[in-house]
Amino acid sequence: MRLFIYVFAFLYSLSFSLMASEHDLTDPNKTLHTLSTNTFERLTSEKDRLAKEPEYIKVIINEELIPYFDYKYAAYSVVGPHLRETTAEQRDNFVDAFRTYLINAYGHILIKYDQQTLTILDNNNFKGKKIVSVPVRMRDNNGQVTQLDFKLRKNKKTGEWKVFDVIAEGVSMLDTKRSEFGSLIQKKGIDEVIKLLLQKNDEFTS
């Protein structure tokens, strides 16, 4: 959960000076700036509604954040080598459950978060690469700095860069989920992990 807090510190703390082309995903830096700016503006404009309808945070995340996340690639990465043992239906079910889990988990944190100061250190060495990391530095009200790295992947068909992993102080979100689900997939199969994700999603809404 600590990792999710770091992830969404990113969204709350950028100023409006970080404006970028609204749908330009051909540059990984612009993807991050656009993601954060659009989400921040939406949270600000919908503040009163969120106070009355906390569940509405999921709508905002689904519309403003998820389009910039390669959640399918992230889900497949979590399954790892076990992916070849799954059916197309199982893969679709896992991706859907994982996507909903991300929305629920991020929303649970984002609805509570206070503003921080954050700096994106643009990575301009991405030409010809398929995966890059963009460093981000978050400073809290006590002056403590947290090191983040957003990993983005370029889709070879669309040319778009999207986030698929976040590393906070050396801890990868994907590696954490692989560790959590990997042994269960190996012992009981992916259907058990899908059930676990669905259960976690139900707990968020209960």
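Every heavy atom of this structure was used, including side-chain atoms; hydrogens, water molecules and symmetry mates were not.
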Ignoring hydrogens and geometry, is there a side-chain-to-backbone donor-acceptor pair from [X] to [Y] under 3.5 Å?
{"X": "Arg91", "Y": "Thr86", "answer": "yes"}
{"X": "Ser179", "Y": "Asp175", "answer": "no"}
{"X": "Arg178", "Y": "Ser77", "answer": "yes"}
{"X": "Glu169", "Y": "Gln147", "answer": "yes"}
{"X": "Glu192", "Y": "Gly189", "answer": "no"}

Cut-off 3.5 Å, side chains only: do [X] and [Y] have a donor facing an acceptor?
{"X": "Lys58", "Y": "Asn104", "answer": "yes"}
{"X": "Asp165", "Y": "Ser172", "answer": "yes"}
{"X": "Thr119", "Y": "Arg137", "answer": "no"}
{"X": "Asn123", "Y": "Asn125", "answer": "no"}

Is there a side chain to side chain donor-acceptor pair (under 3.5 Å) between Asn29 and Asp27 once you walk through the steps? CA-CA 5 Å; Asn29 305 298; Asp27 179 319; 3.1 Å; yes
[X] [atom1] to [Y] [atom2] distance, which is reported to the nearest 0.5 Å:
{"X": "Phe98", "Y": "Leu197", "atom1": "CZ", "atom2": "CG", "value": "7.5 Å"}
{"X": "Ile66", "Y": "Leu102", "atom1": "CD1", "atom2": "CG", "value": "5.5 Å"}
{"X": "Leu83", "Y": "Ile190", "atom1": "CG", "atom2": "CD1", "value": "7.0 Å"}
{"X": "Ile194", "Y": "Glu89", "atom1": "CD1", "atom2": "CD", "value": "8.5 Å"}
{"X": "Asn201", "Y": "Thr100", "atom1": "CG", "atom2": "OG1", "value": "5.5 Å"}
{"X": "Phe94", "Y": "Tyr76", "atom1": "CZ", "atom2": "OH", "value": "10.5 Å"}

As a quick check of understanding, evaluate side-chain contact (heavy atoms from CB on, under 4.5 Å) for Leu35 and Phe69, giving each step before the final call. CA-CA 9 Å; Leu35 177 159; Phe69 268 70; 3.8 Å; yes
Would you say that [X] contacts [Y] through its side chain, given a criterion of any heavy-atom pair below 4.5 Å between the two side chains?
{"X": "Val134", "Y": "Asp149", "result": "no"}
{"X": "Lys130", "Y": "Lys156", "result": "no"}
{"X": "Gln90", "Y": "Thr87", "result": "yes"}

Given Asp70, which partner from the list Arg153, Lys162, Lys151 fulfils the salt bridge (charged side-chain N to carboxylate O under 4.0 Å, His left out) test?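 Of the listed residues Arg153, Lys162, Lys151, the salt bridge (charged side-chain N to carboxylate O under 4.0 Å, His left out) partner of Asp70 is Arg153.
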List the atom of [X], the atom of [Y], and the distance in Å for their closest heavy-atom pair.
{"X": "Ile61", "Y": "Pro67", "answer": "O-CD, 4.5 Å"}
{"X": "Val163", "Y": "Val166", "answer": "CG1-CG2, 4.4 Å"}
{"X": "Ala168", "Y": "Leu148", "answer": "CB-CD2, 3.6 Å"}
{"X": "Ile185", "Y": "Val79", "answer": "CD1-CA, 4.1 Å"}
{"X": "Ala51", "Y": "Pro54", "answer": "O-CD, 4.4 Å"}
{"X": "Leu152", "Y": "Trp161", "answer": "O-CZ3, 3.6 Å"}

Salt bridge present between [X] and [Y] (N-O < 4.0 angstrom):
{"X": "Arg42", "Y": "Glu63", "answer": "yes"}
{"X": "Lys200", "Y": "Glu203", "answer": "no"}
{"X": "Arg99", "Y": "Asp96", "answer": "no"}

Should Val145 and Ile167 be regarded as members of a common hydrophobic cluster, given that ILVMFWY residues are connected when their side-chain heavy atoms come within less than 4.5 Å of each other, either directly or indirectly?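 Val145 does not cluster with Ile167.
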If hydrophobic clusters are built from ILVMFWY residues whose side chains come within less than 4.5 Å, do Met173 and Leu184 share one?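 Yes; tracing contacts between hydrophobic side chains, which count when under 4.5 Å, links both residues.
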Among Ile103, Asn62, Leu50, which residue meets the side chain to side chain contact (heavy atoms under 4.5 Å, CB included) test with Ile57?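 Exactly one candidate clears the test, Leu50.
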Test side-chain contact (heavy atoms from CB on, under 4.5 Å) applied to Asp122 and His33, step by step: CA-CA 10 Å; Asp122 287 359; His33 287 301; 3.1 Å; yes
Test side-chain contact (heavy atoms from CB on, under 4.5 Å) on Phe150 and Thr31 and set out the steps. CA-CA 11 Å; Phe150 282 70; Thr31 293; over 6 Å; no
Please determine whether side-chain contact (heavy atoms from CB on, under 4.5 Å) holds for the pair Tyr68 and Asn38, giving the CA-CA distance in whole Å, both sets of side-chain angles, and the decisive distance to 0.1 Å. CA-CA 11 Å; Tyr68 300 95; Asn38 289 352; 3.2 Å; yes
